[in-house]
Amino acid sequence: MSISRRIAFAVSVSWLSRVSIICSGLVLTPTLFRFMGKEELGLWYLLGNSQSFLWLLSLGITPTLTRHIALAKGKSGFDPEVELTDETQQHIGDLVVTGRLILQWLAVAVFLIAWVLGYGLISKIELHEVSQEQVLWAWTLMCAGYAIAVWLSYFDCLLAGMGYVGWDGLIAVLTYFLIIFSNMIAVMLGGGLLALATISVVAGLMQRLIFITIIRWRFPNLLLFQGNWNIQYAKALFKPSLYWWLTDLGAFLILRTDTYFIALFKGSQYIPSYQATYNLISNISQAAIAFAGSSAVFISQAWQAGNLADIHRMTLRNARIGLSIVAAGVAFLIVAGGDFIKLWLGKGNFVGLDVLLIFCIIVTLETQHVILITSSRATEDEKYAPWSLTSGVLNLIFTWILIKPLGLLGVAMATMFAQILTNNWYGVYRPMVRLHLNFGIYLRQVVGLWATVLVCCLGLSWLGKKSLFLLGITSEWTVIVTTAVICGVVLLTSLWMSILEDYHRKSIQGKLKAWLKLPEF
């Protein structure tokens, strides 16, 4: 399978996963709002956000190990089906064994550190409807489940590092609907935090077992690598892993601490509406960065092989696609987001247009620098920790200052200001230098396309909404569907005209004609 096909497979899986999450969220979230008290639901969102904290405790070992395996494979060539030399096979085998032993010890540390810190936070939250013992048991289960996932994550590193991207996401999709169905049944039967945490842990274990089984069945050659503990490789993993961890620590302080401030200063009952709105917008960003994440291992291999032209091609393509998706999504939310959230969650659960607009700005700028940083970090360029940490500290300071006078709007504005002052500009500048990208080309091909899609989506959606009102059609669902169709058509048109190559268009047209059995002209 070619690199393009592998990336397309991984992106398709990522989008399928994201669509599954969005669609299931449209059903699960209202169920949680109706069958759980706001305090208990707020605590569940709080624990769910703490998954990012648990990921943080893995210290950046897994992404660094994945990258080092990809770089090792790149020594044999950039072709995904290249025959590995004996030296490369030994190198990869040693990396896998070394990484496995590190992750085993790290799993124990993850459980202990996470549980102690979680206990400290939970004991400080004032609770009225849920007992602290119940929350602690739920947190204990989640810590244990994640520790096991860390222990076995070297399989993910090996599969992705060798270029077989997307399989972990496919397995997650297959089990995700079972998780959602189980959560809904548990909540409707009166289950609370403990039941949801138990389902989460059991589902996680199932995913790991299925993943290992698929490797044994589909990629048995990956289990033939023989290696030994290598102290030099362990040392080589340490420094970039530390920088990765520091960068992720900053990202955690930026994007995952809002709920803690809201819980401590406003009350956990204010978390659901704020978090549900942000999750809705975050789904757009996750879909937008899918190409960048799926391309990272191939950029690592191309960098090792000295193939700079392909790195430029993949990076610019990822940025064009990602920012086009964000532009269309943001336009939809600006025009119809308020109506959608009110119908989705019910009246009284919309955080307000001002907070929504701030979220749109955050997600747009975040998506841009994440796509570029992902390409740069794939080349072992870990220069982002100081800026990420600075942004995180600024976010904490700004949130502390703004949450009392401005409430939820202040929390969102704190994140926006912290990002603009740090990551949003440095995360564009540094990759340009590292990857030798031409800024003028980037402005024309990426920023220009983003602005065009955004303006067209906003303008046509506004005209469509006004036309409906002039015709006397005031149904909120009609506005939502019309806006979604307009934004979707503009996005697809931009991707067709600006992203696809001529041979891609001809291939798609040929397949459509064959499928529709259209005559040739």
Once side-chain contact (heavy atoms from CB on, under 4.5 Å) is applied, do any residues pair with Ile341, and if so which ones, sequence neighbours excluded? Thr277, Leu280, Leu345, Phe350
Step through the shown structure and confirm whether more than 12 heavy atoms of other residues, nucleotides or ligands are within 6.0 Å of CZ on Phe398. yes
I would like to know whether Asp339 and Thr483 meet side chain to side chain contact (heavy atoms under 4.5 Å, CB included); could you show each step before the answer? CA-CA 11 Å; Asp339 295 331; Thr483 306; over 6 Å; no
Mark yes when over 12 heavy atoms from residues, nucleotides or ligands other than Phe238 sit less than 6.0 Å from its CZ; otherwise mark no. no
Tell me, please, which residues at least two apart from Arg430 pass side chain to side chain donor-acceptor pair (under 3.5 Å). Asp381
Across all chains, not counting sequence neighbours, the side chain to side chain donor-acceptor pair (under 3.5 Å) partners of Tyr274 are Asp258
Output for pair (Ile92 CD1, Ile69 CD1), nearest 0.5 Å, gives 7.0 Å
Heavy-atom check, side chain of Phe417 versus side chain of Leu394, under 4.5 Å: no
Between His68 and Ala236 the two heavy atoms that sit nearest each other are CE1-O, 3.5 Å
Partners passing side-chain contact (heavy atoms from CB on, under 4.5 Å) against Ile102 (at least two apart in sequence or in another chain): Ile61, Thr98, Trp229, Ala234, Leu237
Using the rule given for side chain to side chain contact (heavy atoms under 4.5 Å, CB included), can you reason through Trp151 versus Val108, listing the C-alpha separation, both sets of side-chain angles and the distance that settles it, and then say yes or no? CA-CA 9 Å; Trp151 187 353; Val108 178; over 6 Å; no
Does any pair with a residue in residues 134-149 pass salt bridge (Lys or Arg N to Asp or Glu O under 4.0 Å), and if so which ones, sequence neighbours excluded? none
For Thr213, enumerate each residue passing the side-chain contact (heavy atoms from CB on, under 4.5 Å) test, keeping only those at least two apart in sequence or located in another chain. none
Please give me the minimum heavy-atom distance between Pro240 and Glu382, naming the atom from each residue. O-CG, 4.0 Å
For Thr422, the side chain to side chain donor-acceptor pair (under 3.5 Å) test, sequence neighbours excluded, returns Ser391
Minimum heavy-atom separation for Leu333 to Leu356, with atom names? O-CD2, 3.5 Å
Have Ser388 and Thr247 got a donor and an acceptor in their side chains that come within less than 3.5 Å? no
Exactly one of Val326, Val330, Val355 should register a side chain to side chain contact (heavy atoms under 4.5 Å, CB included) with Cys360. Which one does? Val330
Please round to the nearest 0.5 Å and tell me the distance separating atom CE of Met413 and atom CG of Asp354. 9.5 Å
What pairs with Thr390 under side chain to side chain donor-acceptor pair (under 3.5 Å), at least two apart in sequence or on another chain? none
Quickly, which of Thr257, Asn395, Thr399 forms a side-chain hydrogen bond (donor to acceptor under 3.5 Å, both in side chains) with Thr415? Name it, please. Asn395
Output all residues satisfying ring-ring contact (aromatic ring centres under 6.0 Å, His included) with Trp425, sequence neighbours left out; order by chain, then residue number. Trp387
Short question: side chain of Arg67, backbone of Arg377 - any donor-acceptor pair under 3.5 Å? yes
Would you check if the side chain of Asp94 reaches a backbone N or O of Asn228 as a donor-acceptor pair within less than 3.5 Å? yes
If you look only at distance, which donor and acceptor atoms sit under 3.5 Å apart when one is on a side chain in residues 367-374 and the other is two or more places apart or in another chain?
unit_1, atom_1, unit_2, atom_2, d
Thr367, OG1, Ser285, OG, 2.9
Thr367, OG1, Val363, O, 2.7
Gln368, OE1, Tyr442, OH, 2.9
His369, ND1, Leu365, O, 3.3
His369, ND1, Asn424, ND2, 3.1
Thr374, OG1, Val370, O, 2.6

At their closest point, which heavy atom of Ala296 faces which heavy atom of Ala378, and how far apart are they? O-CB, 3.4 Å
Rounded to the nearest 0.5 Å, the CG atom of Leu253 sits from the CG atom of Asp248 at a distance of 11.0 Å
Leu491 side, atom CG; Ile325 side, atom CD1 - distance, nearest 0.5 Å: 6.0 Å
Taking all atoms of both residues into account, what is the closest heavy-atom pair of Ala107 and Ala147, and its distance? CB-O, 3.1 Å
Side chains of Leu357 and Ile361: does their closest heavy-atom pair fall under 4.5 Å? no
Please name the pair of heavy atoms, one in Asn318 and one in Phe291, separated by the smallest distance, quoted to 0.1 Å. OD1-CB, 3.3 Å
Please round to the nearest 0.5 Å and tell me the distance separating atom OH of Tyr243 and atom NZ of Lys383. 6.5 Å
For the residue pair Leu402 and Val411, establish whether any side-chain heavy-atom pair is separated by less than 4.5 Å. no
Considering only residues two or more places apart or on different chains, which pairs with a residue in residues 109-118 satisfy side-chain hydrogen bond (donor to acceptor under 3.5 Å, both in side chains)? Trp115-Thr140
From CD (Gln419) to CD1 (Ile362), nearest 0.5 Å: 7.5 Å
Quick one: list whatever passes side-chain contact (heavy atoms from CB on, under 4.5 Å) with Thr66, sequence neighbours left out. Cys157, Ala160, Val297
